[in-house]
Structures are given as C-alpha cells and as structure tokens.
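Convention: sequence-line order gives letters A, B, ...; per-chain numbering from 1. Remember, it's a predicted structure, so these values are computed and weren't measured experimentally. What's counted below: heavy atoms across the whole structure, side chains too, no hydrogens, waters or symmetry copies.
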Amino acid sequence: MADEPGGPSTVTEDRGPVTTLATPIRLDFNFTPGVAQSRFLMGLADGKFMGQRCSVCSKVYVPSRGSCPTDGVPTIEDVELANVGTITTYCVVNVPFAGQSIEIPYICAQVLLDGANLSFMGLIQEVPTDQIRMGMRVEAVWVDREELSPSLASVRYFRPNGEADADYETFKEYL
Amino acid sequence: MAERCAVIGVGQTHHKAKREDVSIAGLVREAAAMAVADAELGWPDIDAVVIGKAPDMFEGNMMPELYLAPALGAVGKPMIRVHTAGSVGGSTAIVAAHLVASGIHKRVLTVAYEKQSDSDAMWALSVPQPFAAPLLAGAGGYFAPHIRAYMRRSGAPDHIGRMVAVKDRQNALRNPFAHLHLPDISMEMVEESMMLWDPLRYLEACPSSDGAAAMVLAAEDAVSGRFPPAWVHGLAMRSEPTMFAGRDQVNPRAGRDCSADVYSQAGITDPRSQLDVAEVYVPFSWYEPMWLENLGFCELGEGWKLTEAGATAFEGDIPWNTSGGVLSSNPIGASGMLRFLEVAMQVRGQAGEHQVDGARLALGQAYGGGSQFFSMWVVGADRP
Ligand SMILES: [Zn+2]
C-alpha cells in the first residue's frame, strides 16, 4: 500500500527511525492560598505588604504561611509592613529562559522589608546593574491603583529610595 | 545499624548532554546492569529496588518508577521511589541501605537518574506562583545571592570560584564517564566565560546532563563482587524549612547536623585528617568552600583557604570531587548518587585514573532544594 502513488505514505526519503518526539508542555493549576496567604495577597491588592507575627518568637513573616516554621504555632497577629526595605544580597541574572518576562540583565535581590524578619526575592530596577550593593535601601513601586491584584504582580519592582546604605551588621543575620 | 551493609556493585552511564541512543528505561538499565554485573550477580538475586530522581515535572513523566520496573528487573519485587529534590540520589541510596541494615532484604539495587534532554528543568523551576515574583532563572538565580553572601562574610577573593571550576574539570579528565571533558580548562577560560548569574560565570556552573547511577547494596552474609565491599560506616539525612527567620543559607544547620550524625556513627572527630577523600555536591564552584566549612573540614570563614592552598586538589591532603563532581556531570536525580558511588569506588580501589592511592575512608554528600535537604554517608574499606 505504501508504495502506491497517492497512498497513505508518499515519503520517498528514508530519514531513519523516530527516536524522540518533542511535544509542548504546560501546567495549569488552581492555587488555594489559605487564610494567611489570602491576607498577604489581599494586602497586595490593596497596595500594601501584610505579614504576621509569631506569638512565641515575635518574628514577623511576610508572606506568612499561617504558622511559625520554628515554633510550629499558628500566627494570628497581622502586621502591616513598610514599603521600604534593605537589599541583603542579590545576583544579576543574565540567562534567557522560556517564559521569561523581564529583559536581561536584571537584578534579582533578597529584600528585607523594614519590620520583617525574613527577606523575599524582588526585582530591582532604576539602578545600573554595576551600582547595586548589599545594604542598599529600596522602596516598592506599585502598579497603578486600578491594576492592583492579589498577586506579587502588583509590585512592579523595587528601586533605590536614596537613603544611605544599611550597615552590614544590621542585616548580616538575614543572609 | 543492626546489620552491616556494604556496596558490592556500582554502575553508571556515560553522562552526556543528550543520550539520544537510549530511552529513560534504557538509561537506567544501562547503569543497573553494570552494577549487577560488578556485584557478580544476576537480576534474580536482587530482592528489592529503590529508585530516585528529581521532581517528575522535569521530564513530565508522572511516577516514572511504575513504567521503569521491567527495565530494572523489579516486576514482582518491592520497589520504592524516593523524593528529596537534588539530594535524592543520596537519599535513595540511604533508603536502600536501611532496607539492608534493618535485615529486611539481603541485596538491594538502588538507581537514580535524570534525562535532562527530555526535560526543561529551567522551566520546571520557574513555574509562576502568585506569592513569588518570576525572577529565579533556574537554580543559579537561587544560589548566586547566597554565594555573594558567603564571599562577603568570609572575605574570600574572587579567584577561589575559578580555582574550583578548573580543579573539578581537571579531575573529570581522569573519569571516562564524566560529561565534560575540557582538556584546555584554565583560570582564563573560566574568567572569559559568560556571566550568567553575577557573580557566577558559565564555567562555574554545572552542565545539564543525561545519566544514571546504580549500586547494589548487600548484607554481610551476601557480599560478592569483583572488588572488595565498601562498608557503610555511617549515614544520615536531615532537612530544614526553606524559609524561617534566622535561617543561615550559607551554612545551613541541617547540613551541620547531618554531618555531625554521620561522623559520630563513623567515629570521625577530625574529618580533614581522618577521611582520605570526599565527593561533595558542588553544582556551583563556590559551594566547595561553603561546604568545606559546613562539613567541618575547617573553621568558619576558612574554607576558601583550603581550596586556595590546594588541599582539595587531586594531590592535596583531602581530595574533593575526584570524579569531576557535579561541575562536570549533572544528571540531577543521579548527581547525589554519583557522589555516594564515587566514594564507594575509591575505597574499593576501582576508580582507575581517578583513584586516590590508599583511600580507605571517604565521605559522600548530597544536598538539594533550596539547600534544605541533606544526605551523607561514610564508607570504608574496613568492616565497621
Ligand atoms: Zn516563632
């Protein structure tokens, strides 16, 4: 059959056996944040950082996962954090990858918000990549009011706020 | 441990960027068949199989152990899958060793693998989540800031990372199974390579590899094989949360606790002088000095000085990563097991060109995730 003109196969050139097949891959999922992370995400929709304080060790987590990882107790006290913080450490990303939405090179930093006891990863802009420093003071730049949503996408990026750098001694235990 | 346990067979694939000649099943079978043959056994002699790999999302195969059972001679036998991110190769060997030490099985085959060419690990590690900004750009983006913190804390000079990158690639030239064979590797070549995650350059990062590793572990009364057994003197796993206030990401407590446990089991009080060789998970060059400190080979802040002085070089007093390490071959799921396997080869005296003369006691270490999973073992030529 395969040799009949116009039959199911008209391939004349032998390209050898098929050994691999590349197929697109995607992952869609519903995210159920729970009570504590809902507070954090709704805070973002409101243009502010909401964290929680542990009643045992008094550490403030942002975002809070609803319990203190050290003490194992539920965190119930809500705390609103400042819009400013300190870069504890950072790297300059110069790697292209699938799904990347930011132009490289960009600065990816650990930002410790004032009043928080755990840093989180943030994008730093409005500063050349060779002028970034550990200890640099930064502020969050939010999207326009009408674009705020319950996601970190509400924070466009952080940028230097002009304050003097924080002393290494003040943040070294957060590294 | 209740029963003594030993490595009696080892096997690994030739690690490459793309092993297009084999499927995943073919890849794991290649390593496993070599391990079974090295133990001078046949498939029916194996009582159980313990397998590990990195998260299923990497290759997009959910619970791949189910379809790999026939390729590993595991049909009708107990088979266990282990999950601990990048440390999984080590944890998988430890679970297998527990099955022997507890007296449940006599001979256990343990296998770990990754086929990165069938996968997009960078994508799998960068899935968007509403509570985190999509900034990571792979594992390097996660670890580079912690490396910068180490450099700041220890005052280590910039060239230390390059030294490790060169040393491990030179060791790989001795290992025919290693993925990267770069005969011209030099400090200049590393320095001229592209900056990927400043301060990390391309040649200071691990490659992306296809590969598998396998070992046969046996109880004392089931020892066989072409080479003497590598006796397990101590083994442990530890983990810690990825995020807690006061977490030391440069020198994680889980790593310190894990090594303290293993050393205590193996009677080690001074790892640098008592151990003859160590294979440690160093996917980015700077993790050598960081883990030198975490594993107690020196005082805090001094790790880079050992590297700089050549202590960890092949001819040094405590060679690290004689196989070429993760910097030369990185089939992620197998990478931890390759560390455990290399030290077994060293104390069995079967490491060929990368054999350290007189190696009798050696440490294998693996870590994974955001430095929150650790697994380690100490193996020796002498029966414990
Ligand atoms: Zn607490």
**Q.** Any residue of residues 144-159 of chain B which, by heavy atoms, sits under 4.5 Å from chain A
**A.** B:Ala144, B:Pro145, B:Arg148, B:Ala149, B:Arg152, B:Arg153

Q | Heavy-atom neighbours of B:Tyr202 OH exceed 12 at 6.0 Å | A | no

Q.
As an exercise, state the distance from CE of B:Met243 to OH of A:Tyr61, rounded to the nearest 0.5 Å.
A. 9.5 Å

**Q.** Options A:Val95, A:Leu41, A:Val60, A:Thr70, ranked by heavy-atom pairs under 4.5 Å with chain B, top entry
**A.** A:Val95

Q: Count the heavy atoms belonging to other residues, nucleotides or ligands that lie under 6.0 Å from CE of B:Met63, then report whether that count exceeds 12.
A: no

**Q.** Straight-line distance of B:Asp248 CG to A:Lys172 NZ, nearest 0.5 Å
**A.** 11.5 Å

Q.
I need the B:Phe244 CZ to A:Arg65 CZ distance, nearest 0.5 Å.
A. 14.5 Å

Q) Within a radius of less than 6.0 Å around CD of B:Glu299, do more than 12 heavy atoms belonging to other residues, nucleotides or ligands occur? A) no

Q.
Using only atom types and a distance under 3.5 Å, with no angle test, would you say the side chain of A:Asn94 pairs donor to acceptor with the backbone of B:Trp197?
A. no

Q. For A:Ile104, does the CD1 atom have more than 12 heavy-atom neighbours from other residues, nucleotides or ligands under 6.0 Å away?
A. yes

Q) Which value, rounded to the nearest 0.5 Å, describes the distance between A:Cys108 atom SG and B:Asp198 atom CG? A) 12.0 Å

Q: Can you tell which part of A:Leu118 gets under 4.5 Å to a heavy atom of chain B, answering side chain, backbone, both or neither?
A: side chain

Q.
Is it the case that atom CE in B:Met187 sees more than 12 heavy atoms from other parts of the structure closer than 6.0 Å?
A. yes

Q.
Under 4.5 Å from any heavy atom of chain B, what part of A:Phe120 do you find: side chain, backbone, both or neither?
A. neither

Q) Which distance, rounded to the nearest 0.5 Å, do you find between the CG of B:Asp118 and the CG of A:Leu21? A) 10.5 Å

**Q.** Residues, nucleotides or ligands: over 12 heavy atoms within 6.0 Å of A:Glu126 CD
**A.** yes

Q. Once you round to the nearest 0.5 Å, how far does CD of B:Gln249 lie from OG of A:Ser119?
A. 7.5 Å

Q) Of the backbone (N, CA, C, O) and the side chain (C-beta and beyond), which part of A:Ile102 lies under 4.5 Å from a heavy atom of chain B, both, or neither? A) side chain

Q. Non-hydrogen atoms of chain B under 4.5 Å away: do they reach the side chain of A:Glu173, the backbone, both or neither?
A. backbone

(Q) Less than 4.5 Å to any heavy atom of chain B: does that hold for the side chain of A:Met121, its backbone, both, or neither? (A) both

